[in-house]
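Everything below concerns the one structure shown next.
Every chain is numbered from 1 and lettered A, B, ... according to where its sequence line falls, protein lines coming before strand lines.
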Number of protein chains: 2
Amino acid sequence: MAKLPRSPLAPDRFPDMPEIGGLRLATVEAGVRYAGRRDVMLALLAPGSAVAGVFTRSATRSANVLDCQRKIGAEAEGAGAAILVNSGNSNAFTGRAGEGSVQAICTAVSKATGLPQARVFTSATGVIGERLPHDRITDRIGALVNGLAPGKLGEAAEAIMTTDTFPKGAAAELVIDGQTVRIAGIAKGSGMIAPDMATMLVYIFTDARIERSQLQQMLGALNDRTFNNITVDSDTSTSDTLLMAATGASGVDVTGHDGFRDALHGVMLDLAHQVVRDGEGATKFVTVQVTGAASDADARTHALAIANSPLVKTAIAGEDPNWGRIVMAVGKSGAAADRDLLTIRFGDVLVAEKGWVAESYREEQGAAQMKQAEIEIGVDIGLGAGQATVWTCDLTHGYISINADYRS
Amino acid sequence: MAKLPRSPLAPDRFPDMPEIGGLRLATVEAGVRYAGRRDVMLALLAPGSAVAGVFTRSATRSANVLDCQRKIGAEAEGAGAAILVNSGNSNAFTGRAGEGSVQAICTAVSKATGLPQARVFTSATGVIGERLPHDRITDRIGALVNGLAPGKLGEAAEAIMTTDTFPKGAAAELVIDGQTVRIAGIAKGSGMIAPDMATMLVYIFTDARIERSQLQQMLGALNDRTFNNITVDSDTSTSDTLLMAATGASGVDVTGHDGFRDALHGVMLDLAHQVVRDGEGATKFVTVQVTGAASDADARTHALAIANSPLVKTAIAGEDPNWGRIVMAVGKSGAAADRDLLTIRFGDVLVAEKGWVAESYREEQGAAQMKQAEIEIGVDIGLGAGQATVWTCDLTHGYISINADYRS
């Protein structure tokens with residue numbers, strides 16, 4: 001399919017990324033599916049690295065995801081670790097052959113690096129249901145290992161792209177007890193699942209020291225406030241993977257450190273927002289903030305119902321301040337609501353309250369809000385203290401074109 | 001907004017509708033919102049009629065729906081009944097004023113017909129959040145009552161249309177113990193909720209005799225296999241209403257009669273399919289049949305996940321036999337599934353089995369299936385005996401145009 005233009009919501013440029021001690025990266029052209037571009041990345045992590053992960057809950061998840069999940073549980077903290085990611089083919093729904101491909105790649109990486117297989121993690125992203133030509137990858141493991149070097153995060157972010165229109169990266173540095181700790185992450189994704197090009201993949205590295213179970217707990221909790229709260233089209237990938245590795249190279253233990261947690265939260269939120277900003281056909285970046293729900297879970301249910309509603313998303317595409325569709329979405333969500341207690345805002349404009357349009361509201365105020373590239377929808381349910389924020393984009397002709405007009 | 005062209009999936013013509021003994025209808029131009037067309041219908045049912053109803057479960061449902069729900073429970077079987085429906089304004093999210101409008105209309109109908117208010121049912125469909133100018137309706141009650149006559153179901157089907165591109169009707173006759181029993185129904189809807197034009201409304205009439213609670217039970221059960229299993233865009237209206245009245249004029253008691261139940265099922269399924277065929281922007285009528293699920297409920301969850309997936313619906317619009325997206329939808333549904341037990345068919349073409357593309361499958365077979373206007377997707381989960389069938393349409397540029405390009 002034709003190369004898509006860069007999203008109008010993309011950041012100006014790829015950010016400067018710090019070097020992470022204990023991390024070396026390499027990328028290579030393996031020709032898995034794409035010609036003339038790098039399509040495989042290898043990350044090598046120094047001995048002592050803790051690796052944590054969060055994965056799709058899809059019942060039809062890929063062989064790579066299943067393999068990662070088995071390994072993330074197993075403790076082998078003394079060893080280093082490797083992460084190999086290919087784009088072009090997701091190795092999803094490829095039956096038993098898919099497991100064979102993962103095995104072949106892990107064996108080759110293990111042999112070339114001396115790492116135990118239990119410490120080799122893989123991801124794959126791209127077409128579903130076609131056998132992964134893993135020989136093309138295993139043939140290049142030597143070249144990858146020879147090419148390993150510090151830095152290279154930008155190159156890695158490009159190697160894992162499929163229908164993404166820009167590479168995604170985010171980083172943070174903080175000083176703890178006089179010593180600098182660094183976090184750097186890359187991501188890909190432009191839909192929960194793109195046209196036969198499955199997946200959101202995220203890899204975050206830090207030189208902080210933290211015990212694996214602590215890292216896993218922090219990552220899971222922050223995931224619920226970042227990647228789990230974005231939606232482009234409500235469709236869930238068979239390959240979604242978030243891996244985080246802490247090398248400990250800085251010597252700084254961050255267990256229970258709020259500043260580190262906040263910095264990591266910032267990196268994850270930045271990457272999550274970039275995925276939405278690259279949403280297929282997106283022209284608006286939309287923040288849906290729900291307050292006053294009976295519980296946080298109810299607030300999230302309402303927020304996702306609004307963010308996933310085709311009628312809300314098409315109204316935003318049309319710059320139509322159509323608050324009736326928001327009422328509809330709240331009503332259908334299944335979470336508790338009372339028509340006469342709802343308050344709706346677009347940005348700082350009060351649109352509706354007490355079950356009806358606000359007396360002060362003028363249509364042109366709502367229309368002006370809708371003209372912006374970044375839109376905030378605020379809904380107060382009026383029942384309790386539950387709240388949630390979800391990020392999404394609009395639903396446009398561009399989405400239909402990408403997913404219907406082109407044959408995959 | 002501009003008048004939309006008749007759906008390419010519409011039936012050739014409105015069906016011949018039988019007269020229902022004990023039912024008289026009238027329509028009138030009240031100018032609620034539309035000019036130059038009939039926009040209010042009144043149905044008057046003879047004394048002894050049983051009235052049953054099924055309604056949206058939206059937490060933000062309209063004043064009319066709330067009023068109907070209160071009355072459907074109350075027994076007053078000796079009396080006749082009236083149903084008044086207006087198009088152009090849904091009287092939804094109009095605060096306390098909405099309840100006042102319903103009250104005003106019910107009072108006027110009650111006065112003009114001599115019926116108790118508890119036997120006057122109303123529906124409204126159209127724009128959300130604007131006060132219903134109910135005076136325009138109450139001013140025409142006299143004209144409506146004077147115009148009441150048998151037949152007129154086609155006229156009524158037209159009066160309740162909003163963004164529908166064709167009027168929807170279905171009928172059945174059956175002979176029980178040598179006597180003819182008739183069922184006739186009309187519906188409107190072209191999306192679970194259309195551009196500010198909420199709603200699916202359905203009215204079914206029969207001259208059969210049946211006790212109210214029996215009718216209610218039958219209607220609810222059949223609704224779960226018909227209207228509850230269609231989806232255009234996963235959005236749920238604040239006004240969905242299905243009312244059924246049995247006048248008893250035929251003198252035939254149909255309590256527990258399977259033939260009557262089957263005939264009613266047929267009428268409801270026909271109307272439900274017509275709503276999908278008028279789905280906004282629809283070019284394909286899609287049947288999703290799930291078998292082999294752990295339970296019927298699981299089967300329905302899978303079927304709705306497939307039918308509501310934007311990626312599945314855009315693939316169908318693009319005539320792309322993209323079975324990977326069906327795997328994805330099954331995986332994300334939350335119901336039990338095992339990748340390696342899935343079987344997928346397009347029509348009679350076996351596409352995938354045992355977790356992978358079928359050996360016999362050729363892409364051109366799938367492509368040929370996708371070129372048809374009526375598409376059948378069959379998914380066997382391979383776990384149990386649960387099954388469900390759901391009907392939907394594709395997601396096209398037409399949907400985006402109707403919902404985004406036009407300002408409401």
Side-chain angles (χ1 to χ4, degrees), chain A residues 56 58-61 92-97 127-129 191 193 195-196 198 233-238 308-311 314-315 317-318 320 322-325 327-333 335-340 342 352 354-357 394-397 399-401 403-408, chain B residues 56 58-61 92-97 127-129 191 193 195-196 198 233-238 308-311 314-315 317-318 320 322-325 327-333 335-340 342 352 354-357 394-397 399-401 403-408:
Chain A
T56 180
S58 168
T60 56
R61 47 195 180 270
F93 214 63
T94 47
R96 298 288 167 208
V127 68
I128 290 184
I193 175 168
D196 257 6
D233 53 14
S234 82
D235 278 338
T236 308
S237 152
T238 50
N308 281 327
S309 159
L311 287 172
T314 47
D320 179 2
N322 194 322
W323 57 272
R325 295 188 184 175
V327 175
M328 176 280 300
V330 168
K332 77 162 180 171
S333 80
D338 179 330
R339 184 193 69 187
D340 295 340
L342 279 187
K354 297 173 194 155
W356 207 1
V357 65
D394 52 346
L395 174 57
T396 67
H397 283 289
Y399 183 87
I400 306 289
S401 292
N403 289 296
D405 297 354
Y406 299 96
R407 290 292 300 279
S408 48
Chain B
T56 181
S58 168
T60 56
R61 48 195 180 268
F93 214 63
T94 47
R96 298 287 168 211
V127 68
I128 290 184
I193 175 169
D196 257 7
D233 54 13
S234 80
D235 279 338
T236 309
S237 152
T238 51
N308 281 327
S309 160
L311 288 172
T314 47
D320 180 2
N322 195 322
W323 56 273
R325 295 187 183 174
V327 176
M328 175 282 299
V330 168
K332 77 164 180 170
S333 81
D338 179 330
R339 185 194 70 187
D340 296 340
L342 279 187
K354 298 174 193 156
W356 207 1
V357 64
D394 53 345
L395 173 58
T396 67
H397 283 290
Y399 183 87
I400 306 289
S401 293
N403 289 298
D405 297 352
Y406 301 95
R407 289 293 301 278
S408 48

request  = Could you pull out the closest heavy-atom pair between T314(A) and A404(B), with the gap in Å?
outcome  = O-CB, 3.0 Å
remark   = Here the pair of heavy atoms bringing A337(A) nearest to A59(B) is O-CB, 3.9 Å
request  = For each of D338(B), D394(B), L395(B), V330(B), tally heavy-atom pairs with chain A at distances under 4.5 Å, and name the one with the top tally.
outcome  = L395(B)
query = What part of A352(B) is in contact with chain A, defined as an atom under 4.5 angstrom from a non-hydrogen atom: side chain, backbone, both or neither?
reply = side chain
task = Report yes if some heavy atom in the side chain of I400(A) is under 4.5 Å from a heavy atom in the side chain of Y399(B); otherwise report no.
result = no
note = When every non-hydrogen atom of V327(A) is compared with those of T60(B), the smallest separation belongs to O-OG1, 3.1 Å
key: Distance (rounded to the nearest 0.5 Å) between N308(B) CG and N308(A) CG   = 10.5 Å
ask   = Looking at T94(A), T396(A), V357(A), which one has more heavy-atom pairs under 4.5 Å with chain B than the rest?
value = T94(A)
note = By side-chain contact (heavy atoms from CB on, under 4.5 Å), A315(B) pairs with (sequence neighbours left out) D320(B), N322(B), R325(B)
message = Tell me the closest heavy-atom pair linking G95(A) and R339(B), and the distance in Å.
response = O-NH2, 3.8 Å
task = Heavy atoms only: give me the nearest W323(A)-G129(B) pair and the separation to one decimal.
result = CH2-CA, 3.5 Å
query = Who pairs with D340(B) by side-chain hydrogen bond (donor to acceptor under 3.5 Å, both in side chains), at least two apart in sequence or on another chain?
reply = R96(A)
